[in-house]
Structure formats: structure tokens, C-alpha cells
Number of protein chains: 2
Amino acid sequence: MQATPPSSGPDAGSRRAPRRSAVCAPLYRQIRHLLVESLRRGEWAPGAAIPSETELASRFQVSQGTVRKAIDELVSEHLLIRRQGKGTFVATHHEPRAQYRFLRLAPDRGEPAGTSSRFLECGRVGAGAEIAARLGLRSGAALIHVRRVLLFGDLPRVLDDIWLPAGPFRSLSAERLAQYKGPLYGLFESEFGMRMIRAEEQLRAVAATAEDAAPLQVSTGSPLLRVDRLSYTYGDRPIEFRRGHCVTTDFHYRNTLT
Amino acid sequence: MQATPPSSGPDAGSRRAPRRSAVCAPLYRQIRHLLVESLRRGEWAPGAAIPSETELASRFQVSQGTVRKAIDELVSEHLLIRRQGKGTFVATHHEPRAQYRFLRLAPDRGEPAGTSSRFLECGRVGAGAEIAARLGLRSGAALIHVRRVLLFGDLPRVLDDIWLPAGPFRSLSAERLAQYKGPLYGLFESEFGMRMIRAEEQLRAVAATAEDAAPLQVSTGSPLLRVDRLSYTYGDRPIEFRRGHCVTTDFHYRNTLT
DNA sequence: TAGTGGTCTAGACCACATA
DNA sequence: ATGTGGTCTAGACCACTAG
């Protein structure tokens, strides 16, 4: 930052050079960008504290209020978490509060039972045209494909097909998945350094195929909620495509419009 | 507000009484609450400008920055809209930008065609147990029921059943609906003084009944996306329950997870 | 007691819109 | 030229956490 500190108190008059032009983002957005870059580079690990607001202010040569506004935005996007009296921390999918941030399926009555995964497949495949386009890869690119059933208590309710670029996720295996407890995004974050921060979903109703119906213990042709999800990491880079088929006779997908 | 302005500059020392206790919200939230109350009372009409930040600051005896933070929150919740150089305005469903804020259905390819409504029914009914509970009314309370088909271009894609409390919406009629152009929430806002600011939705896949299938021009039993929506006005008061059945062969419901 | 984030203030200047 | 929101600063004090 090329900010010039004022010579004295708030009434110091014309005290700085015109720092930015019309093409330039506000200072706090520039700071925000620097913070995101540090996160992307892994300068601060998930779960770790970032430097205090005052330290960042002196590092970037801006006021604490400007750093604060940059952090405010990142907190609202769940990239950072504030803890009063303790500091500001890099968000992680291992925290209980963030565990099911992306899981919108809930039982019609009663509180959400604990979920668990049963993994059916894990192997390398070539990217079809549709999935390649979504992930921004060339057709035929190497992917890892995972198929699993999500159980709520002991009720199988979601059949997920997950496609990941083979590069970063090369070492993902059925064994590693089977032994892992907790949300997949936690595993991706810890083992592969890929942190999901945002996702776009497309929902539709479809009839169950025979292949979908069996693991979900429903009849072929019964209505299923199909959820296509494209997940992004830092810098709007798509990193996972997922297609879920959900039984919604006693569950529903919840959403808030604001 | 019982804030005491400081005697002089920023270094005036212990300059105010302890304004709030542990049970009390921060000043900017108190200001925010006062603003929402003014909105609820209709002190400023939808589309109109609210007083400037400096005027509100002097009215509430707080600094402009505190008013600003209160307004910031209301802007992020789409209750207010800022226009640089012009002022801050009460949001309205008549603005082009807000027209389809709550419409999440989009065509799989191509840009969204214009939508139009075909109204099938409009009449008084008694509230069933489920809908009464959702709207916070007693079972059997008087409701207005509207049924319509939403068309994208000339494609019928959504069959909506809408229930409204008969009190505020007493004068809603088939004639009034037929002659009205634009989003329903615009009509509710202008004609009935009920402004929707938030909604909760529950989605599931269902098989089309014969009654659903006919107006949507699909076969009985084909999969439909059912969307149950509860809409709220100021103060978390539920004011509309809506059940939509959507054809999702060439359309989808889009959602962003953040 | 020291350090952190949370709130509040006051004032400066900038960018935009209107007259 | 004036008034609006938008950005930035500096400093005060509060509330919470931990050694």
C-alpha cells in the first residue's frame, strides 16, 4: 500500500497524495485481496490465528479500521472467523459449526440425526464433456470418481457421485475414505490442501433409475431430488463436481431467500 | 438514544456515562431497530428516500458512522438501497433489480425468458391444520387462495398455490389479479401494504398428480419439484404460504452456498 | 495485567448526482 | 455549488480471554 500516514491529528488538512485513481479498488478491497492471497498461499493454515488487526495495519501501512473492514468481508464469506478476546482465525471444515454448512437436507420432523458415509466406489475415470466443461478441464482429463451413500442415522437418503481433478487428489483411495470420519471437505482440506469456500447448485426432480434406486432402497421410477453442485476454492477456481440423488419422502432441502 | 456527545475532540477522556449494560444491544443495533420500526410503520414508503445519514445521526443523537453501520445491515438484507450521490431508499419489489429476487427457477440453456401468470382460481377458504400452523393462525382461519400457472415465454413450468390471511388481503380478487402486470409481491406491497422481505423454502421431488399434471402439460406421475415457501414481512411475521410444483426437465432451481 | 476484537466518535476528503 | 453516500483515519473505551 502506498498510503501516507497523516502528519498529525484529524484536522491536518490536505495530508496525503491522491492514493488511488478511478480504475483502482478502495483500499480495504486491496487489503482484502492481499489477505485472500495469503490464505491461498497457505501462509496461515486452516484453524490458525492470523495476525492481529493492529499488526496487519502496520504491515500494510493503513489504519486498523481499514484492515477491519477487509476482515469484515472475509468473515461474512466464512473465510475467517472472529473470536472476541482471542483473535481472528482461518475457517476450517473441521469446526463443528462449519461441519454441515453445505448440507441442506434435513428431516421433515425431529432434529437432524448424525450422518455417516458408505463408500461404494473410488477410481480414476476420464472426464466426459459435461463434467470437463464444468470443472474447466479438457474433455477426457483424468478425474477421481467417488460414489457414496449418505445415511442419516441408518436411513440411506443421498447417493452422491463426486468427480475431482486427478492432479491434486491423486492419492485419494477407497482405503483412505473408509477410515476417515467427518465431512469430506475436511479431508480435502487436511490431506490435499484444497479448501472449498463456495458452491453453486442446480436442483431438479428426476425419476430414479435402477442404479440409483437400489442403494437408496426405493423403487425404480420414484421421484428423487437431483442436486448438481460445483464447488469453488480461493479465486473462483472450480475444484469439485458432485451429483446427489436424494430421497425426499421424509426429508427436504431447505433454503432461505433473503 | 441516551448517548452523550463528547465535550470536545477525540481525546476528551471519560466523556460519557456508561450508556448500555450487558443486557443491551450495541448502539448501532438500537438505531437499526428504530429504522426497521419506521419502515414497518410506513413512515417512509417503498421507493422513497429516507433522511440522510447526517440527519438521522442528529435525530438519534449518535455519530454518522453509527447510523451508517445500522444502514449497512439493512442494505445487506435488501430492506434499503443506497444510491451514491442521491440518497438511501426503501427497497421495493417494483424495481427491475428486485423483480425476480425470489425466483430461483432458470432455464438450463439460454437466458431467462420473460415470465407471465395465468390465474386459475382466487377465492376464500378455511385454513387446514398444516397451513394454519405455518402462518401462525388458528385452524379454520379465513384465507385467500390463489392458483396460477407461471409461464416462461409460453412454456408453463410452475403451478403455484398461494394462501394469504384474509384480513389484510380481503379485497384481492380474480379481476384485480388478471389486470395486474408484474410480480405478485409488487401488488402485495402497493395494494395491501404487505412487503415481503425474507422467505424460507423447503424443496422435495414428488410425482405429479392428475390435477397438477394437466395445467403443466405433463403426464401424471412425472417427477415435479415441489417448493414450499413461507414468506415473512417486517418483524419475522409470516404472511404468505406458497406451494409450487415445477417442471424441471428443461429448467432448474439454482442456489448458491456460501 | 496485557492483548485481542467490538463499538463509537469526529473529522477529513473523494466520487457522484443535481441544480 | 451543494448535498449525498463512500472511504479512510486516529483515537477512545468496552468486553472478553488468558497468563
Side-chain angles (χ1 to χ4, degrees), chain A residues 1-32 48-58 60-76 80-89, chain B residues 1-32 48-58 60-76 80-89:
Chain A
M1 296 305 97
Q2 62 275 46
T4 307
S7 48
S8 69
D11 51 341
S14 67
R15 55 201 222 267
R16 61 167 64 230
R19 219 179 354 76
R20 56 196 182 81
S21 66
V23 304
C24 205
L27 242 196
Y28 73 89
R29 287 214 176 264
Q30 300 177 36
I31 302 298
R32 178 205 143 107
I50 71 171
S52 74
E53 296 181 352
T54 44
E55 185 179 334
L56 290 169
S58 78
F60 297 136
Q61 291 294 103
V62 299
S63 80
Q64 182 257 6
T66 301
V67 170
R68 184 167 188 81
K69 188 153 183 180
I71 292 179
D72 276 342
E73 288 201 349
L74 298 179
V75 166
S76 78
L80 297 176
I81 294 180
R82 284 208 172 96
R83 296 205 188 99
Q84 184 172 118
K86 301 177 77 172
T88 302
F89 299 79
Chain B
M1 295 305 98
Q2 63 276 47
T4 307
S7 48
S8 69
D11 51 341
S14 67
R15 54 198 223 267
R16 61 166 64 231
R19 217 179 355 75
R20 56 197 183 80
S21 66
V23 303
C24 205
L27 242 196
Y28 72 89
R29 287 213 176 265
Q30 301 176 38
I31 302 298
R32 179 206 142 106
I50 71 171
S52 73
E53 296 181 353
T54 43
E55 184 178 335
L56 290 169
S58 78
F60 297 136
Q61 291 295 100
V62 299
S63 80
Q64 181 258 5
T66 300
V67 170
R68 184 167 187 80
K69 189 154 182 179
I71 292 179
D72 276 342
E73 288 200 349
L74 298 180
V75 166
S76 78
L80 296 176
I81 295 180
R82 284 208 172 96
R83 296 204 189 99
Q84 184 172 111
K86 300 177 75 172
T88 302
F89 298 78

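In what follows, every chain begins at residue 1, and chains take the letters A, B, ... in the order their sequences are listed.
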D:dG6 OP1/OP2 closer than 4.0 Å to side-chain N/O of B:R82:
yes

Flag side-chain contact, heavy atom, 4.5 Å: B:I71 against B:L56:
yes

Is B:S52 close enough to D:dG3 that one of its side-chain N or O atoms is under 4.0 Å from OP1 or OP2 there?
no

Listed partners of B:S76 passing side chain to side chain contact (heavy atoms under 4.5 Å, CB included), at least two apart
none

Gap between atoms CZ and C1', on B:R83 and D:dG3 respectively (whole Å):
16 Å

I need the minimum non-hydrogen distance between A:Q30 and A:A25, along with the two atoms involved.
NE2-O, 2.9 Å

d(CZ, B:F60; P, C:dC8) in whole Å
14 Å

Side-chain N or O of A:S63 closer than 4.0 Å to phosphate OP1/OP2 of D:dA10
no

Is the shortest distance from a Lys or Arg side-chain nitrogen in A:D72 or A:R32 to a carboxylate oxygen in the other one below 4.0 Å?
no

Could you state the CD-C1' distance from B:E53 to C:dG11, rounded to the nearest angstrom?
15 Å

Suppose we screen for side chain to side chain contact (heavy atoms under 4.5 Å, CB included). Which residues come up paired with A:E55, at least two apart in sequence or across chains?
A:P51, A:S52, A:R59

Spacing between A:Q61 atom CD and D:dA10 atom P, to the nearest angstrom
10 Å

Send over the distance from B:K69 NZ to C:dG5 P, rounded to a whole Å.
14 Å

By salt bridge (charged side-chain N to carboxylate O under 4.0 Å, His left out), B:R68 pairs with (sequence neighbours left out) B:E53

Quick one: which of C:dC8, D:dC8, C:dG5 gets closest to the side chain of A:T66?
D:dC8

Between atom CD1 of A:I81 and atom CD1 of A:I50, what is the distance when rounded to the nearest 0.5 Å?
11.5 Å

Watson-Crick or G-U pairs under 3.5 Å in DNA chain D, rendered as dot-bracket with [ ] for crossing pairs and | for another strand
||||||||||||||||||.

Please list each protein N or O that sits under 3.5 Å from an N or O in nucleotides 17-19 of chain D, with the distance.
residue, atom, partner, partner atom, Å
D:dA18, OP1, A:K86, NZ, 3.4

Specify the separation, in whole Å, of atom CZ of B:R68 and atom P of C:dA12.
18 Å

Output all residues satisfying side chain to side chain contact (heavy atoms under 4.5 Å, CB included) with B:S58, sequence neighbours left out; order by chain, then residue number.
none

What is the distance from CG of A:D72 to P of D:dT7, rounded to the nearest Å?
13 Å

What's the CZ-P distance between B:R29 and D:dC14, to the nearest Å?
21 Å

Using the side chain to side chain contact (heavy atoms under 4.5 Å, CB included) criterion, which residues pair with A:Y28? Sequence neighbours excluded.
A:P26, A:T66, A:K69, A:E73

